[in-house]
Protein chains: 4
Amino acid sequence: MPVISPRKMQDRSDSILDAARSAFAETGFENTSVAQIARRAGISDGLLYRYFRNKRDLLNEVLRRFYERTMLDLEEIAARDMPFLDQLRDLVRRHLQTFVDDVDLCRLFFAEVRTQTDYAVSPIRQLNQRYTSIVVGIVQKAAARGEIRQGIDPRLVRDLIFGTVEHRAWSAVQGRQIDVDKTANDLVDIVMVGLQPVKQERL
Amino acid sequence: MPVISPRKMQDRSDSILDAARSAFAETGFENTSVAQIARRAGISDGLLYRYFRNKRDLLNEVLRRFYERTMLDLEEIAARDMPFLDQLRDLVRRHLQTFVDDVDLCRLFFAEVRTQTDYAVSPIRQLNQRYTSIVVGIVQKAAARGEIRQGIDPRLVRDLIFGTVEHRAWSAVQGRQIDVDKTANDLVDIVMVGLQPVKQERL
Amino acid sequence: MPVISPRKMQDRSDSILDAARSAFAETGFENTSVAQIARRAGISDGLLYRYFRNKRDLLNEVLRRFYERTMLDLEEIAARDMPFLDQLRDLVRRHLQTFVDDVDLCRLFFAEVRTQTDYAVSPIRQLNQRYTSIVVGIVQKAAARGEIRQGIDPRLVRDLIFGTVEHRAWSAVQGRQIDVDKTANDLVDIVMVGLQPVKQERL
Amino acid sequence: MPVISPRKMQDRSDSILDAARSAFAETGFENTSVAQIARRAGISDGLLYRYFRNKRDLLNEVLRRFYERTMLDLEEIAARDMPFLDQLRDLVRRHLQTFVDDVDLCRLFFAEVRTQTDYAVSPIRQLNQRYTSIVVGIVQKAAARGEIRQGIDPRLVRDLIFGTVEHRAWSAVQGRQIDVDKTANDLVDIVMVGLQPVKQERL
DNA sequence: TATGAATGAGCTTTCATTCAT
DNA sequence: TATGAATGAAAGCTCATTCAT
């Protein structure tokens with residue numbers, strides 16, 4: 001009995017994950033059956049269990065890949081040597097774009113993963129932390145460079161950036177389109193100079 | 001002439017809602033069976049259906065009560081005649097406190113309701129909109145009074161406030177305590193004057 | 001504690017039966033709940049059980065009354081002293097009219113009663129037998145009078161009359177209207193002279 | 001490559017249908033649970049649903065098989081080139097025999113299917129129409145050939161034949177044996193020459 | 001390696017009937 | 001006498017997972 005080549009195994013694993021991703025995105029985790037995923041992937045139910053321990057494992061892996069892919073972009077931006085203001089704007093823009101492009105996977109994350117009881121110790125959470133800590137990093141760098149004032153809690157900025165984008169994107173899910181560039185500009189504007197009416201130099 | 005007193009009916013309705021709230025919070029909507037809720041409430045399956053039309057009705061009612069209760073506080077703050085800065089700080093503090101006090105219900109809302117495909121037309125969404133529009137309202141009033149600069153999109157401020165608080169509270173769910181007063185102060189500080197280092201007059 | 005008058009009891013029993021009849025006719029036996037009947041009758045669920053042992057008892061009583069009422073008409077016709085031909089035609093017409101007027105009750109009988117396992121010993125069956133034996137009776141009388149030829153099995157005529165009417169009425173239930181007079185004439189015509197083409201004296 | 005042989009699948013399908021037929025016949029459609037059928041067939045509940053879409057599908061299939069089997073015989077008789085009289089007698093005999101052989105299935109049809117509100121659009125009704133239209137056809141042919149007199153409504157003859165047989169068989173269900181040949185002869189006799197006492201040529 | 005047959009627990013909701021009040 | 005609260009069984013159907021083939 002011929003053993004399948006590692007290459008072929010990898011291809012199959014990928015195609016299962018593809019099938020799972022699109023199926024979960026379309027109908028949600030609970031409303032997607034393993035049989036549906038297997039059919040989309042062109043294999044039998046049983047074989048799927050050779051590649052993934054169970055249905056939830058599949059979900060976690062789908063989201064892990066999503067995160068890793070998205071993170072690369074964000075980390076690339078964070079690695080650039082550029083003024084904080086511009087860097088922040090690029091990050092916000094990129095993050096917003098992720099929501100626009102993959103709203104279903106985002107919803108999946110919020111609905112099915114973040115609320116799991118074992119989320120605190122899950123590998124997905126570690127990815128999420130690594131993801132959001134990118135903003136913490138550039139804020140610390142900006143503070144060190146004097147680009148922003150002292151005494152700012154970088155984690156609050158992180159929550160502000162991700163929270164705002166998420167909330168905005170979420171309301172955009174219900175109906176209205178989202179203008180990525182304008183939203184990024186407006187948000188960064190507020191974050192930098194605040195709402196106060198006093199005259200001040202723009203950076 | 002009802003066979004049980006209205007008081008007893010009310011008590012029972014409350015105890016069912018209590019049971020539903022804690023059960024949903026612990027195991028999620030899908031993974032909680034009506035039978036479990038009935039057992040927690042100390043009644044039979046069938047009787048539950050004399051108080052609530054169906055399982056989803058139960059969820060909606062749990063969240064409606066939560067919202068109405070919370071909203072009263074928020075609207076009371078919004079109705080006060082006080083400087084925008086202080087009003088915003090009170091609102092943020094109150095909203096944060098809600099998360100601290102009722103993290104289970106918040107999780108329930110985010111996980112089970114907001115992600116439903118029919119959320120757009122659900123009664124809960126209307127409550128949520130009324131809830132968040134409170135901030136839109138005070139921002140508009142502040143703009144009219146000249147307390148903040150022109151050209152600010154009030155809905156972006158709304159997303160910023162609720163998104164940040166939510167994100168912060170969410171990370172607080174996983175472990176760490178949250179310092180409500182400090183967080184509120186810091187957030188309002190950033191929102192008002194931004195991160196920029198330039199010297200400026202505080203309001 | 002005042003005992004209710006026999007008269008009032010009778011009235012109530014009647015109103016329950018009325019409610020049951022119309023409810024069963026509209027939605028069928030299985031799809032009608034005891035609570036619905038009680039509500040229609042303006043009483044509580046529990047009280048209904050003071051008047052009828054159970055739901056099926058109610059059904060039997062509804063049909064028993066229906067039969068008795070219908071039977072009176074049929075027996076009145078059978079008691080008349082008139083030529084067999086005319087008498088038969090009147091009976092057929094009357095029976096057809098019953099289907100037209102009370103198709104729902106007829107359906108109820110066929111669907112819910114005649115197929116009960118204990119139908120063979122039920123009071124309803126006795127009524128049904130008494131009902132159909134009316135035709136047996138007039139056939140025997142006609143044979144004795146020489147109005148029909150010898151050697152005819154009266155029970156076969158009974159089955160012919162009731163079977164044909166039922167079958168015709170049943171197909172009429174699905175859509176098409178039924179012309180009572182024409183159908184009665186045509187049926188009696190065939191029954192009397194048959195289909196054969198030979199010239200013969202009409203009676 | 002199916003994991004079980006087509007032969008075995010067919011056998012199982014048959015055994016499920018057998019189980020369903022006898023269970024439905026004994027306790028009726030509503031009062032038979034899918035679990036009961038599965039147990040009779042020696043399989044699990046779930047497996048049954050790989051063979052039949054749902055409970056009603058099972059009922060339809062049971063009756064469809066019955067009809068198709070029976071119809072073949074009837075259509076074979078109708079296709080023969082023989083005098084109307086003899087053909088009719090053969091049809092009646094055959095139809096009566098069906099009742100004698102499969103009284104349970106007949107009861108099932110009358111009690112559970114024909115009385116359904118959606119019977120008018122059910123596949124079973126189409127089979128029934130095709131079945132009964134066989135008699136309509138031979139009557140029309142007989143009329144064209146002059147074997148029966150003009151002005152006869154073939155559909156009334158259809159109702160007469162099927163109605164009478166059904167009624168007779170039905171009363172036979174409760175107890176008494178049925179003499180197929182005699183009944184067929186007597187019925188055809190009446191249908192051809194009627195009840196009238198006048199002298200006439202027999203065909 | 002691969003299949004898909006087979007399992008059976010699990011779910012929401014309804015409702016006839018009883019009985020405390 | 002009258003109420004309607006309370007019970008709890010029952011039912012059709014789905015599906016993650018296992019395992020014989």
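Protein chains get the first letters and strands the later ones, always in sequence-line order, with residue 1 at the start of each.
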*Asks:* Could you check whether any side-chain heavy atom of B:I16 comes within less than 4.5 Å of a side-chain heavy atom of B:E61, counting everything from C-beta outward?
*Replies:* no
*Asks:* C:R12 side chain N/O closer than 4.0 Å to the phosphate oxygens (OP1, OP2) of F:dA2?
*Replies:* yes
*Asks:* Provide, to the nearest angstrom, the distance between the CG atom belonging to A:L59 and the C1' atom belonging to F:dA16.
*Replies:* 15 Å
*Asks:* Look at the side-chain N and O atoms of C:R50 and state whether any lies under 4.0 Å from the OP1 or OP2 oxygen of F:dT1.
*Replies:* yes
*Asks:* Does F:dC19 have a Watson-Crick or wobble partner in any strand here, with both distances under 3.5 angstrom, and which is it?
*Replies:* E:dG4
*Asks:* When the ring centroid of C:F109 is compared with that of C:Y67, is the distance short of 6.0 Å?
*Replies:* yes
*Asks:* What one-letter contact string describes nucleotides 13-21 of chain E from 5' to 3', where B marks a base within less than 4.0 Å of any protein heavy atom, S marks contact via sugar-phosphate atoms alone, and - marks no contact?
*Replies:* BBBSBB---
*Asks:* By the definition salt bridge (charged side-chain N to carboxylate O under 4.0 Å, His left out), identify the one residue from C:R21, C:R7, C:R65, C:K8 that meets it with C:D14.
*Replies:* C:R65
*Asks:* Report which part of the nucleic acid B:Y51 touches: base, sugar-phosphate, or nothing (heavy-atom distance under 4.0 Å, all strands).
*Replies:* sugar-phosphate
*Asks:* In residues 15-25 of chain A, which ones come under 4.0 Å of DNA chain F, going by heavy atoms?
*Replies:* none
*Asks:* The side chain of B:S44 is closest to which nucleotide in this list: E:dG4, F:dG8, F:dG4?
*Replies:* F:dG8
*Asks:* Tell me which one of B:L63, B:V34, B:T32, B:L17 satisfies side-chain contact (heavy atoms from CB on, under 4.5 Å) with B:L58.
*Replies:* B:L17
*Asks:* Do the side chain of D:S13 and the main chain of D:Q10 share a donor and acceptor less than 3.5 angstrom apart?
*Replies:* no
*Asks:* Which whole-number value in Å describes the distance from A:F52 CZ to F:dA16 P?
*Replies:* 16 Å
